[in-house]
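Hydrogens, waters and symmetry mates are skipped; everything else that's a heavy atom, side chains included, is used. Quick note: residue numbers are just sequence positions, from 1.
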Amino acid sequence: MSGYFLPQELIRKKRDGQILTDAEIGFLVQGISDSSLSDAQLGAFAMAVFHKGMNMDERISLTQHMMHSGSILQWQDLNLNGPVVDKHSTGGVGDKVSLMLAAIVAACGGYVPMISGRGLGHTGGTLDKLESIPGYNATPDEAQFRHTVQKVGCAIIGQTAQLAPADQRFYATRDVTATVESISLITASILSKKLASGLDALVMDVKTGSGAFADTYNMAQELAQSIADVATGSGVPTRCLITDMNQVLGRSVGNAVEVLECIDFLVNPTQADKRLLQITLDLAAHMLQISDIEADLSTARVKAQKALESGNAAEIFGRMVSELGGPNNLLQEPNHYLKPMSVIKPIIATKTGYISAMDVRGIGMSMVSLKAGRTKAADSIDHGVGLTNMAQIGERVEIGQPVAYAHVHRDADAIQLQRELTAFITITNENSQEKNIVYEVLTAQKQG
């Protein structure tokens, strides 16, 4: 790193709204990595960026330096016969798309090295879902990860200590200093990890609504545009879909119950929840087009649908699970490995009418309170707790009819969920207009 700077002067510079140079940002990231930047200084820097923001050059610089703070995955030596492409979601409640999507895209000729996160707060984590499968190793070494991607076409694992280590320390500091909700810092955090995966292309699912991190549409648009611009400016073509998170995605919330829904989706796609099916195939089509496997979205979507309906995607998912230490007959005997809870009780509608709204964040936090999620990173997860057969917005329910089923340890837990969920699900006499699940697709704006 050329030059030496005083951290407090760089913090002052950003605090006063000035633009940091690439060398200055590189110095700060080096300080994050080697701890020469103290926790107090890092928190102050995060707060300065939170209030003053970063321009596009600064965001690209921060992303690149954090990405290069650790190892960068290389795929060229494996002579893969297709592009390396990935998808990242900003998270929601019931968002299980990655499990089917990686397998579908792999069945279409893509290679998907998906590095996913654990759930925090009201949002569920892809890794937590997969770790409900006995034996599944979500943290293999790099050689095993690369081997699985090469052999199967996809592998879904957790972030390793070698990938973007500066982000791990920076994120932990942001988490305890109320600076998480910075578009500049979210962009660099997401992309430093994704770009370190050695991708040819990326598709982002930026969720908005009551169950999303970006609860306002303006925030979702700003984040999506920032990610598209920074990733594309860093050499990885990226497309962002803004999607609806005003209702639970799919019919289940939890960990094991969501894996069961994914298996059923892959094995019986004609029975899949239509919104879950639509967003999965839409994201797959964008991944296939942006990585040049298909020339246009309509043929890409047909290809993805065929991969699903033929059973090829299900077979690839099963092989990925078995290659990463899980059972080799999970798809044939899912209930043998993902055992039901001792108490399964209906959540009963307290009035007749149409489901018109959901407090999705509230539903997510109800799951967290029963240990299906976590409030801090060190919390352990109860993989069995969950909700199934969730009613969806626009559906009519009669008083006394189930709007969901609680999968819990004790009757008292089911009683708690009955009380909470009936408060979080709004039933009215009028049937509301169903919203599109995909609102908008954003690509990078021309720079300069």
Side-chain angles (χ1 to χ4, degrees), residues 1-73 88 90 115 117-118 120-121 158-197 213-214 219 222-223 225-227 229-236 376-378 447:
M1 180 57 58
S2 60
Y4 178 80
F5 305 97
L6 281 175
Q8 56 267 43
E9 289 305 310
L10 300 186
I11 294 165
R12 180 198 300 271
K13 189 175 178 182
K14 182 41 69 181
R15 181 201 72 188
D16 293 346
Q18 296 177 49
I19 294 168
L20 297 174
T21 66
D22 179 68
E24 288 169 338
I25 290 171
F27 174 79
L28 289 167
V29 172
Q30 182 65 42
I32 297 170
S33 298
D34 64 17
S35 294
S36 59
L37 205 65
S38 71
D39 286 347
Q41 289 171 325
L42 185 50
F45 174 63
M47 190 61 77
V49 174
F50 181 87
H51 283 296
K52 296 299 183 180
M54 285 182 146
N55 70 14
M56 196 50 57
D57 287 341
E58 288 177 297
R59 292 180 196 185
I60 291 173
S61 177
L62 181 61
T63 300
Q64 293 268 1
H65 284 291
M66 293 208 325
M67 164 188 157
H68 287 285
S69 67
S71 59
I72 310 286
L73 287 172
H88 180 78
T90 55
I115 295 172
R118 304 192 185 282
L120 198 58
Q159 186 184 358
T160 69
Q162 290 76 40
L163 283 183
D167 174 65
Q168 295 185 38
R169 183 179 172 216
F170 202 2
Y171 187 87
T173 301
R174 289 166 54 213
D175 194 34
V176 296
T177 56
T179 53
V180 168
E181 300 91 340
S182 156
I183 298 293
S184 301
L185 298 182
I186 295 165
T187 301
S189 179
I190 289 171
L191 291 179
S192 61
K193 297 189 287 281
K194 283 294 169 189
L195 302 185
S197 304
F213 166 74
M219 183 181 180
E222 194 186 340
L223 178 59
Q225 194 63 63
S226 176
I227 286 170
D229 289 347
V230 171
T232 306
S234 298
V236 177
K376 55 183 188 294
Q447 304 294 309

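By the side-chain hydrogen bond (donor to acceptor under 3.5 Å, both in side chains) test, Ser184 is found to be paired with Arg59, residues two or more places apart in sequence or in another chain being considered. Applying the side-chain hydrogen bond (donor to acceptor under 3.5 Å, both in side chains) rule to Thr90 yields no partners; only residues at least two apart in sequence or on another chain are considered. Residues passing the side-chain hydrogen bond (donor to acceptor under 3.5 Å, both in side chains) test with Ser33, sequence neighbours excluded: none. For Gln168, there are no side-chain hydrogen bond (donor to acceptor under 3.5 Å, both in side chains) partners at least two apart in sequence or on another chain.
Side-chain N or O atoms of Ser192 include one that pairs as donor or acceptor with a backbone N or O of Ala188 at under 3.5 Å.
Between Lys193 and Leu163, every side-chain heavy-atom pair lies at or beyond the 4.5 Å cut-off. You'll find the side chain of Leu20 reaches within 4.5 Å of the side chain of Leu28, heavy atoms only. At a threshold of 4.5 Å between non-hydrogen side-chain atoms, the residues Gln64 and Asp22 do not count as touching. Residues Val180 and Phe213 meet the side-chain proximity criterion, which asks for heavy atoms closer than 4.5 Å. Within the 4.5 Å cutoff, no side-chain heavy atoms of Ser69 are placed close to those of His65. Put simply, the side chain of Leu191 does not reach to within 4.5 Å of the side chain of Val236, judged on heavy atoms.
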When the side chains of residues 6-14 are checked against the rest of the protein, which donor-acceptor pairs come out under 3.5 Å, sequence neighbours left out?
unit_1: Lys13; atom_1: NZ; unit_2: Ile19; atom_2: O; d: 3.4
unit_1: Lys13; atom_1: NZ; unit_2: Glu24; atom_2: OE1; d: 2.9
unit_1: Lys13; atom_1: NZ; unit_2: Glu24; atom_2: OE2; d: 3.1
unit_1: Lys14; atom_1: NZ; unit_2: Gln18; atom_2: O; d: 3.0
unit_1: Lys14; atom_1: NZ; unit_2: Gly53; atom_2: O; d: 3.1
unit_1: Lys14; atom_1: NZ; unit_2: Glu58; atom_2: OE1; d: 3.3
unit_1: Lys14; atom_1: NZ; unit_2: Glu58; atom_2: OE2; d: 2.9

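Checking each of Thr187, Ile183, Ile25 against Met54 for a side-chain contact (heavy atoms from CB on, under 4.5 Å) leaves exactly one that passes, namely Ile25.
The aromatic rings of Phe170 and Phe45 sit parallel, their planes meeting at an angle under 30°, below the 60° perpendicular limit.
Each side-chain hydrogen bond (donor to acceptor under 3.5 Å, both in side chains) pair with one or both residues in residues 43-55, not counting sequence neighbours, would appear here, but there are none.
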